[in-house]
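This report concerns only the one structure given below.
These numbers were taken from a predicted model, which means no experiment stands behind them. Just so you know, these numbers use all the heavy atoms, side chains as well, and skip hydrogens, waters and symmetry mates.
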2 protein chains.
Amino acid sequence: MDSDNRAKILSHALRLFAARGYDAVGVQEIVEAAGVTKPTLYHYFGSKRRLLDALLEEHFMALYAVVEPAACYRGDLSRNLNEITAAYFRFAKSQPPFYRLLLSMYVAPPDGESFHAAYGLYRRQYELIETLFKQAAEHHGNMKGRHRRYAATFLGMINTYITLALNEAAALDDELLYKAVHQFMHGIYS
Amino acid sequence: MDSDNRAKILSHALRLFAARGYDAVGVQEIVEAAGVTKPTLYHYFGSKRRLLDALLEEHFMALYAVVEPAACYRGDLSRNLNEITAAYFRFAKSQPPFYRLLLSMYVAPPDGESFHAAYGLYRRQYELIETLFKQAAEHHGNMKGRHRRYAATFLGMINTYITLALNEAAALDDELLYKAVHQFMHGIYS
DNA sequence: AGACAATTATACCAATCGGTATAATCCTGT
DNA sequence: ACAGGATTATACCGATTGGTATAATTGTCT
């Protein structure tokens, strides 16, 4: 019963931001959807921007928590890539509005409020993946010096498929997962 | 001398939209940057939304014009992929603000004004690439039925690299171009 | 019961939002 | 020189923006 209103504000703000964007949604609209008034929102979050930060923080930790173990190298890169992709697919399916918001913020205009809030989150994922490729390169000599490119394109591929799924042009099932990782590893001719 | 103001409005609107987003930029700010007044803007474009449409239309045609010939299949898929990537890289380098705006709109929230304006533009590119893979599949039997996935991931890869370049984390030079296309075709182990 | 802090409501703020009515100006063709 | 359409400026519209001052309410602990 404690912070019931706080949670309601968060969930409605997420839904609205994901549907129409941070700038296009007014504070008034959020509090009306949540069934509270403005001072309640400003009591919990202080500003619209900090409401967004709180939103990102709470949901992102859940994503990071499942990706981090999946990116821990244990001698089998292809297994890592499958587990990471599975983790992302599962998370995107469980929190579509949040992942939509996250995606839109990664490529948001750089001077906007939403970009800087999200850039750090992207970096943390990227570094996780880059470290994995760096470690794997020690076992696959011909991968040396490519970890940056591989990390970026691997994350890019995952986000490409999730974008398709969010627009209902793909289903994030096990078959797609296998084909996606296979294509990433072996190219399009195999 | 004719529509000098019209062009000024377009160019400043593009710069501002790309920097901070469609919703975060007010009409007032655009006209001030362009050195005109609001009725001038509304005389030429009628509404803020139609200003955005005009912006997209004019610049997108230039992109489409260079990608279309590059996507025309002539029996050598790898040559097409190189030419298409080169066309995108060149365009992104020549119009960074516009490509930034385009990218941000592809993954923008689906109920926002900017999304529907851009979705059609993405589809047109996608269909160009998909047709190419469909034609190439007739010569490479083992690619059959994969043209959708290949078109999506190929475009996704290009946009991943361009995003990196826009954030100054990569240079869209010939070396990157070659490596990108090679990786797409043959995977990460070769 | 009474005190105290956390929480919520009423009512308001200046500033900005997208858009427009009216009229003045400018340029072009005759 | 003059007409007429294209273009631009002044001044304004109601609605909404993010944010807040004040006060009433609530739950908790002593």
Side-chain angles (χ1 to χ4, degrees), chain A residues 1-56 58 101 104-105 108-109 111-118, chain B residues 1-56 58 101 104-105 108-109 111-118:
Chain A
M1 206 65 72
D2 175 37
S3 298
D4 193 22
N5 281 341
R6 194 188 124 98
K8 265 198 286 198
I9 291 171
L10 278 172
S11 98
H12 283 94
L14 169 59
R15 186 175 48 82
L16 291 168
F17 287 161
R20 299 213 316 285
Y22 175 80
D23 290 305
V25 175
V27 174
Q28 188 66 44
E29 192 178 354
I30 298 173
V31 297
E32 275 170 15
V36 299
T37 55
K38 265 204 271 191
T40 303
L41 186 150
Y42 280 91
H43 168 72
Y44 284 115
F45 302 102
S47 73
K48 187 189 180 188
R49 168 62 198 268
R50 288 219 294 279
L51 166 61
L52 175 65
D53 291 338
L55 211 58
L56 292 177
E58 302 199 3
L101 180 61
S104 75
M105 291 175 55
D111 296 351
E113 285 197 278
S114 36
F115 178 74
H116 277 93
Chain B
M1 207 65 69
D2 175 33
S3 299
D4 192 22
N5 282 342
R6 193 188 124 98
K8 266 198 283 198
I9 292 170
L10 277 174
S11 99
H12 283 93
L14 169 59
R15 186 175 48 82
L16 291 167
F17 287 161
R20 296 211 318 283
Y22 175 80
D23 289 305
V25 176
V27 174
Q28 189 66 44
E29 193 177 354
I30 299 173
V31 297
E32 275 171 16
V36 300
T37 56
K38 265 204 275 191
T40 303
L41 187 151
Y42 281 91
H43 168 72
Y44 284 115
F45 302 102
S47 74
K48 187 190 179 189
R49 168 61 198 268
R50 288 220 294 279
L51 166 61
L52 175 65
D53 290 338
L55 212 58
L56 293 177
E58 302 198 4
L101 180 63
S104 75
M105 292 175 52
D111 296 353
E113 285 196 277
S114 35
F115 177 75
H116 276 92

Could you tell me the separation between the [atom1] atom of [X] and the [atom2] atom of [N], rounded to a whole number of Å?
X     : N      : atom1 : atom2 : result
B:I9  : C:dG19 : CD1   : P     : 14 Å
A:L16 : D:dG18 : CG    : P     : 12 Å
A:R50 : D:dG18 : CZ    : C1'   : 13 Å
B:K8  : D:dT7  : NZ    : P     : 15 Å
B:L52 : C:dG18 : CG    : P     : 12 Å
B:F45 : C:dG19 : CZ    : P     : 13 Å
B:D23 : D:dT17 : CG    : C1'   : 13 Å
A:Y44 : D:dG19 : OH    : P     : 19 Å

Taking atom [atom1] of [X] and atom [atom2] of [Y], what is their separation to the nearest 0.5 Å?
X      : Y      : atom1 : atom2 : answer
A:K48  : A:F17  : NZ    : CZ    : 5.5 Å
A:S114 : A:L101 : OG    : CG    : 8.0 Å
B:R6   : B:H43  : CZ    : NE2   : 10.0 Å

### Query
Yes or no on side-chain contact (heavy atoms from CB on, under 4.5 Å) for B:L51 and B:L10, after CA distance, side-chain angles and deciding distance?
CA-CA 7 Å; B:L51 166 61; B:L10 277 174; 3.8 Å; yes

#### Entry: Toward the 5' end of DNA chain C, by each residue's nearest nucleotide, B:V27 or A:Q28
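In this pair, the answer is A:Q28.
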
### Query
For DNA chain C, what residues of residues 30-42 of chain B have any heavy atom nearer than 4.0 Å?
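Correct list: B:K38, B:P39, B:Y42.
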
### Query
Who are the side chain to side chain donor-acceptor pair (under 3.5 Å) partners of A:R49, not counting sequence neighbours?
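Applying side chain to side chain donor-acceptor pair (under 3.5 Å) to A:R49 gives A:D53.
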
### Message
Is there a side-chain contact (heavy atoms from CB on, under 4.5 Å) between B:I30 and B:L16? Walk through the geometry before answering.
### Response
CA-CA 7 Å; B:I30 299 173; B:L16 291 167; 4.1 Å; yes

### Task
Output, in order, the C-alpha distance, side-chain angles, deciding distance and verdict of side-chain contact (heavy atoms from CB on, under 4.5 Å) for A:I9 and A:H12.
CA-CA 5 Å; A:I9 291 171; A:H12 283 94; over 6 Å; no

### Message
Taking only side-chain N and O atoms of A:H43, does any of them lie within less than 4.0 angstrom of OP1 or OP2 on C:dT8?
### Response
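Result: no.
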
### Query
Do the side-chain N or O atoms of A:N5 get closer than 4.0 angstrom to the phosphate oxygens (OP1, OP2) of C:dT8?
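Yes.
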
